[in-house]
Amino acid sequence: FLVTRAQVNARASAERASAEQRRLASEARAAVRVRDEFLSVAAHELRTPLTSLKLQLQLLFRQLHQGEPVDTVRLERGVETCERQTTRLTKLVDSLLDVSRLSSGKLELQLESLELGELVRELVHRFEAEAQTMNVRLDVDTPEPVTGRWDRLRLEQVITNLLSNALKYGHGAPVEVRVLGDEAEARLEVRDRGIGIAPEDAARVFDRFERAVSSRHYGGLGLGLFITRQLVEAHGGRIFLESHPGQGTTFIVVLPRAGPVPGTPLPPPPPT
Ligand code: ADP
């Protein structure tokens, strides 16, 4: 048989095209799997506070209508639970809204001059009560002022996400927060000594809906780090982690002190 060079080339290019098709099909299946899993996790995460809210409201209703003097302590406790669950629901819905805003590139930063150490100390202070109930020590190290042009609310979100993850996955061990800086960049480190992240999960956890296998029973939507990374990158910065499974994780955020370069578009969201 005589096979011409043209036929060999045609066969090779057909094989390449079908390999590419298989790769695209497998990517599409993976995206559908991630989305389906997200929907089921999201439904569960929304349902838990809703169930608790409904139960509490039924209890309160019964207390008010049982014809006996109202026990104000029980009443107050019930209302507090309702408020906590409503806050939880609001946070979940806010994360979902943020993701859709970030995905459609509708995020606008309000830059102002800030001192990162001061902001971090303020936020750690807000976490103090929660840390105390979990018996966790929060150590803050801000050796010198590090100023820069950043969006206060968005940076608060970044720091809050990292702190709440450190408490959530931190095994009750002390959490350390550090702010450093040089002329060009500020560096924030949030270190815990908790469950850690396996090397094969380390890059994935910054993606939308992605959660490490080790943390499946903790609950969560897998959106916090995605939002965090997008906000850091919108500031022209970068975020990465160092981790040893079973020993803990350090998240490191590096931000240019001059703020993002004007006109830099938001990084494109991953294609899911
Ligand atoms: P979630 O709501 O699931 O916590 P995040 O986007 O904040 O979502 O985090 C994504 C995943 O990254 C988590 O589900 C968890 O697997 C992992 N993760 C985040 N922070 C930590 C941490 N400090 N230690 C260990 N694993 C973490």
Side-chain angles (χ1 to χ4, degrees), residues 33-49 85 87-103 107 120 123-124 127 130-131 134 136-140 154-178 188-234 238-253 267 269-270 272:
R33 178 191 56 75
V34 168
R35 194 166 292 184
D36 284 352
E37 194 180 314
F38 168 75
L39 279 176
S40 107
V41 171
H44 179 78
E45 288 287 314
L46 291 169
R47 197 155 217 282
T48 313
Q85 300 301 347
T87 308
R88 194 170 152 193
L89 278 171
T90 312
K91 278 190 190 158
L92 283 172
V93 174
D94 281 349
S95 305
L96 291 170
L97 284 174
D98 267 341
V99 169
S100 89
R101 227 174 271 141
L102 288 165
S103 304
L107 179 85
V120 165
L123 288 165
V124 168
F127 271 85
E130 189 182 335
M134 298 169 78
V136 173
R137 211 180 67 217
L138 287 174
D139 292 331
V140 195
R154 294 310 187 174
L155 268 202
E156 280 189 13
Q157 222 176 331
V158 166
I159 301 162
T160 303
N161 281 345
L162 295 179
L163 283 176
S164 61
N165 277 352
L167 286 179
K168 180 172 168 188
Y169 301 111
H171 260 344
V175 169
E176 290 163 41
V177 189
R178 212 144 64 113
L188 164 73
E189 298 178 0
V190 179
R191 174 173 185 203
D192 69 61
R193 293 157 205 268
I195 62 172
I197 297 175
E200 61 272 23
D201 287 334
R204 240 171 21 92
V205 293
F206 294 106
D207 289 345
R208 205 167 12 178
F209 314 146
E210 290 283 5
R211 303 164 67 216
V213 177
S214 53
S215 71
R216 286 286 145 92
H217 62 280
Y218 277 81
L221 285 181
L223 294 179
L225 284 182
F226 167 74
I227 295 170
T228 303
R229 191 193 66 187
Q230 295 279 314
L231 295 178
V232 168
E233 290 181 355
R238 56 195 190 277
I239 181 169
F240 51 98
L241 64 86
E242 289 165 2
S243 186
H244 298 283
Q247 289 178 35
T249 309
T250 306
F251 280 92
I252 298 150
V253 173
T272 48

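In each ligand, atom 1 is the first atom listed, and ligand 1 is the first ligand listed.
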Relative to the heavy atoms of Lys168, which atoms of ligand 1 are at a distance of less than 4.0 Å? 1 (P), 2 (O), 4 (O)
Gln157 versus Thr228: any side-chain heavy-atom pair under 4.5 Å? no
Shortest non-hydrogen contact from Val175 toward Ala166: CG1-CB, 3.8 Å
Proximal atoms of ligand 1 relative to Gly222 (non-hydrogen, under 4.0 Å): 1 (P), 2 (O), 3 (O), 6 (O), 8 (O)
Among all protein heavy atoms in this structure, tell me which lies nearest to atom 15 (C) of ligand 1, with the distance rounded to 0.1 Å. Ser215 OG, 3.2 Å
Can you tell me if Lys91 has over 12 outside heavy atoms packed within less than 6.0 Å of its NZ? no
Heavy atom under 4.0 Å from ligand 1: found in Ile197's side chain, backbone, both, or neither? side chain
Is any NZ, NE, NH1 or NH2 atom of the basic residue among Arg193 and Glu176 found under 4.0 Å from an Asp or Glu carboxylate oxygen of the other? yes
Sidechain-backbone polar pair: Asp192 side chain, Gly248 backbone, donor-acceptor under 3.5 Å: no
Report yes if Gly224 has an N/O atom closer than 3.5 Å to an N/O atom of ligand 1; otherwise report no. yes
Give me the nearest non-hydrogen protein atom to atom 4 (O) of ligand 1 as residue plus atom name, then the distance to 0.1 Å. Tyr169 OH, 2.7 Å
Return the residue, atom name and 0.1 Å-rounded distance of the protein heavy atom closest to atom 19 (C) of ligand 1. Asn165 ND2, 3.5 Å
Phe251 and ligand 1 - part of the residue with a heavy-atom distance under 4.0 Å: side chain
Do you know which two heavy atoms are closest between Arg238 and Val232, and how far apart they sit? N-CG1, 3.4 Å
Output the list of atoms in ligand 1 that are nearer than 4.0 Å to some heavy atom of Ile195, sorted by atom number. 25 (C)
Is there at least one pair of N or O atoms, one from Phe226 and one from ligand 1, spaced under 3.5 Å apart? no
Atoms of ligand 1, numbered as shown, that sit under 4.0 Å from any heavy atom of Arg211: 3 (O), 11 (C), 14 (O), 16 (O)
Starting from atom 5 (P) of ligand 1, locate the nearest protein heavy atom and write down its residue, its atom name and how far away it is, to 0.1 Å. Leu225 N, 3.6 Å
Distance to 0.1 Å, residue and atom name: give those for the protein heavy atom nearest to atom 10 (C) of ligand 1. Glu210 O, 3.5 Å
Nearest non-hydrogen protein atom to atom 12 (O) of ligand 1, with distance, is Val205 CG1, 3.3 Å
Measure the shortest side-chain to side-chain distance between Phe251 and Leu225 over non-hydrogen atoms and say whether it is less than 4.5 angstrom. yes
The answer for which part of Thr228 has a heavy atom under 4.0 Å from ligand 1 is neither
Quick one: does Phe206 get a heavy atom under 4.0 Å from ligand 1? no
Is ligand 1 less than 4.0 angstrom away from at least one heavy atom of Gly196? yes
Would Gln230 and Asp98 count as a side chain to side chain donor-acceptor pair (under 3.5 Å) here? Give the steps. CA-CA 10 Å; Gln230 295 279 314; Asp98 267 341; over 6 Å; no
Under 4.0 Å to a heavy atom of Leu223 - the qualifying atoms of ligand 1, by number: 6 (O), 8 (O)
Identify the protein heavy atom lying closest to atom 23 (N) of ligand 1, giving its residue, its atom name and the separation to 0.1 Å. Asp192 OD2, 2.8 Å
Return yes or no for this condition: an N or O of Leu221 is under 3.5 Å from an N or O of ligand 1. yes
Does a side-chain heavy-atom distance below 4.5 Å link Leu223 with Phe38? yes
